[in-house]
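Reckoned from all heavy atoms, side chains included, excluding hydrogens, waters and symmetry mates. Whatever order the structure lists ligands and atoms in, that order sets their numbers, starting from 1. The residues of the chain are indexed from 1 along the displayed sequence.
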Amino acid sequence: MEVTVIPCLKDNYAYLLRAPGSPRAVIVDASEAAPVLAALQKLGVALGGILSTHHHVDHVLGNEELVSRYPGIDVFGSAHDRGRIPAQSRMVVDGETISVEGLTFRCLLVPGHTLGAVAYFGHGAVFTGDTLFAGGCGRLFEGTPGMMNDSLNVKLAALPPDTRVYFGHEYTASNLRFAAHVEPGNAAVTAKAARVAALREKGEPTVPSTLAEERATNPFMRCDSAEIIAHVAERLAGNHAPDAVLGAVRAAKDAF
Ligand code: ZN
Ligand code: FE
């Protein structure tokens with residue numbers, strides 16, 4: 001599977017996916033139509049489908065225009081988001097496998113940022129929308145810390161460690177500043193922050209990460225770190241369960 005990163009809006013990423021030699025591509029999170037159309041044209045491919053990770057407007061703004069340009073294509077999204085994802089034609093459920101334009105993905109329901117958030121896993125990659133970012137996670141707009149903990153540390157953490165992680169926003173540098181703040185002794189965070197700074201200086205995206213990198217550097221996937229637990233201890237009232245730690249780290253980041 002070829003993946004092309006398409007910067008959209010201020011700091012969103014859409015992804016163009018293509019099976020080798022296929023005349024049609026699939027888009028993950030059509031944030032806006034114009035840059036997606038430009039990417040399709042540059043590669044000389046048509047659009048064969050859209051995978052939406054969640055209903056937020058910065059991830060689906062381009063859906064209707066793209067469907068009007070490529071009538072009949074499917075727009076996939078969570079059954080939970082029915083009525084909230086423009087042009088949605090396919091309602092996916094947790095664990096469902098979908099095939100589109102020669103590509104196959106397992107749909108993982110990963111609630112937390114929103115209740116209908118979906119991660120699409122296939123071909124050694126996972127597209128996580130605003131659930132898992134490099135070095136961070138989405139704000140808990142609809143779900144609970146327990147849901148986000150299950151999504152990150154049970155479901156996504158069960159995927160192979162070398163799975164490439166393609167996330168919804170370029171927040172990596174600021175996420176890693178917070179990661180270093182809550183876990184200053186983590187050398188993997190320091191090393192990754194240096195790599196990320198070099199990429200951003202050149203204007204390059206920090207995607208993809210890998211699950212192994214996230215488990216080493218992302219405070220929301222490190223709820224068992226003694227240093228992190230100590231950092232948020234006053235928010236925990238003695239409860240060191242992973243969902244409590246995740247909630248405390250999320251609250252600390254919201255105030256950072
Ligand atoms: Zn969102
Ligand atoms: Fe977003």
Side-chain angles (χ1 to χ4, degrees), residues 3-17 26-36 39 50-66 75-88 91-92 94 105 107-121 125-152 155-156 165-176 178 196 200 205-209 214 218-221 246-247 249-251 253-254 256:
V3 181
T4 303
V5 181
I6 308 173
C8 291
L9 303 171
K10 182 164 160 271
D11 49 30
N12 280 74
Y13 288 131
Y15 298 103
L16 186 157
L17 318 181
V26 173
I27 293 291
V28 178
D29 279 356
S31 293
E32 44 178 347
V36 168
I50 297 173
L51 310 182
S52 295
T53 61
H54 66 297
H55 69 86
H56 283 161
V57 66
D58 58 313
H59 299 259
V60 299
L61 209 54
N63 284 11
E64 270 169 354
E65 184 175 343
L66 291 170
V75 176
F76 296 82
S78 168
H80 197 279
D81 279 343
R82 180 191 292 270
R84 299 205 288 183
I85 292 177
Q88 185 179 5
M91 320 296 154
V92 306
D94 189 34
F105 299 95
C107 305
L108 306 172
L109 189 65
V110 284
H113 177 65
T114 63
L115 292 176
V118 175
Y120 296 94
F121 170 66
V126 66
F127 297 86
T128 56
D130 289 358
T131 299
L132 174 63
F133 297 125
C137 73
R139 286 179 186 254
L140 302 178
F141 287 126
E142 297 176 11
T144 64
M147 285 178 189
M148 186 58 102
N149 182 58
D150 280 353
S151 295
L152 297 182
K155 276 192 177 159
L156 292 174
V165 179
Y166 292 89
F167 39 86
H169 289 269
E170 182 58 65
Y171 293 159
T172 310
S174 66
N175 283 342
L176 290 172
F178 175 76
V196 161
R200 297 307 292 152
T206 65
V207 282
S209 182
E214 291 316 303
N218 189 323
F220 298 95
M221 293 189 93
L246 186 144
V249 174
R250 187 63 261 177
K253 181 147 200 293
D254 290 346
F256 183 62

CG-CD1 distance between N12 and I6, expressed to the nearest 0.5 angstrom:
12.0 Å

L156 side, atom CG; C137 side, atom SG - distance, nearest 0.5 Å:
11.0 Å

Checking ring-ring contact (aromatic ring centres under 6.0 Å, His included) against Y15, which of F167, F127, Y120 comes through?
F127

Taking ring-ring contact (aromatic ring centres under 6.0 Å, His included) as the test, write out the residues that go with Y13, two or more places apart.
none

Which value, rounded to the nearest 0.5 Å, describes the distance between M221 atom CE and N149 atom CG?
9.5 Å

Partner set under ring-ring contact (aromatic ring centres under 6.0 Å, His included) for F220, not counting sequence neighbours:
none

Short of 2.8 Å from the Zn ion (ligand 1), name each protein N/O/S atom, waters not counted.
H54 NE2, H56 ND1, H113 NE2, D130 OD2

Under 2.8 Å from the Fe ion (ligand 2), which protein N, O or S atoms do you find? Ignore water molecules.
D58 OD2, H59 NE2, D130 OD2, H169 NE2

To the nearest 0.5 Å, what is the distance between CG on L109 and CE on M147?
9.5 Å

Does any donor atom in the side chain of H55 or E142 lie under 3.5 Å from an acceptor atom in the other side chain?
yes

Which word best sums up how the rings of H59 and H56 line up, parallel for under 30°, tilted for 30 to 60°, or perpendicular for over 60°?
tilted

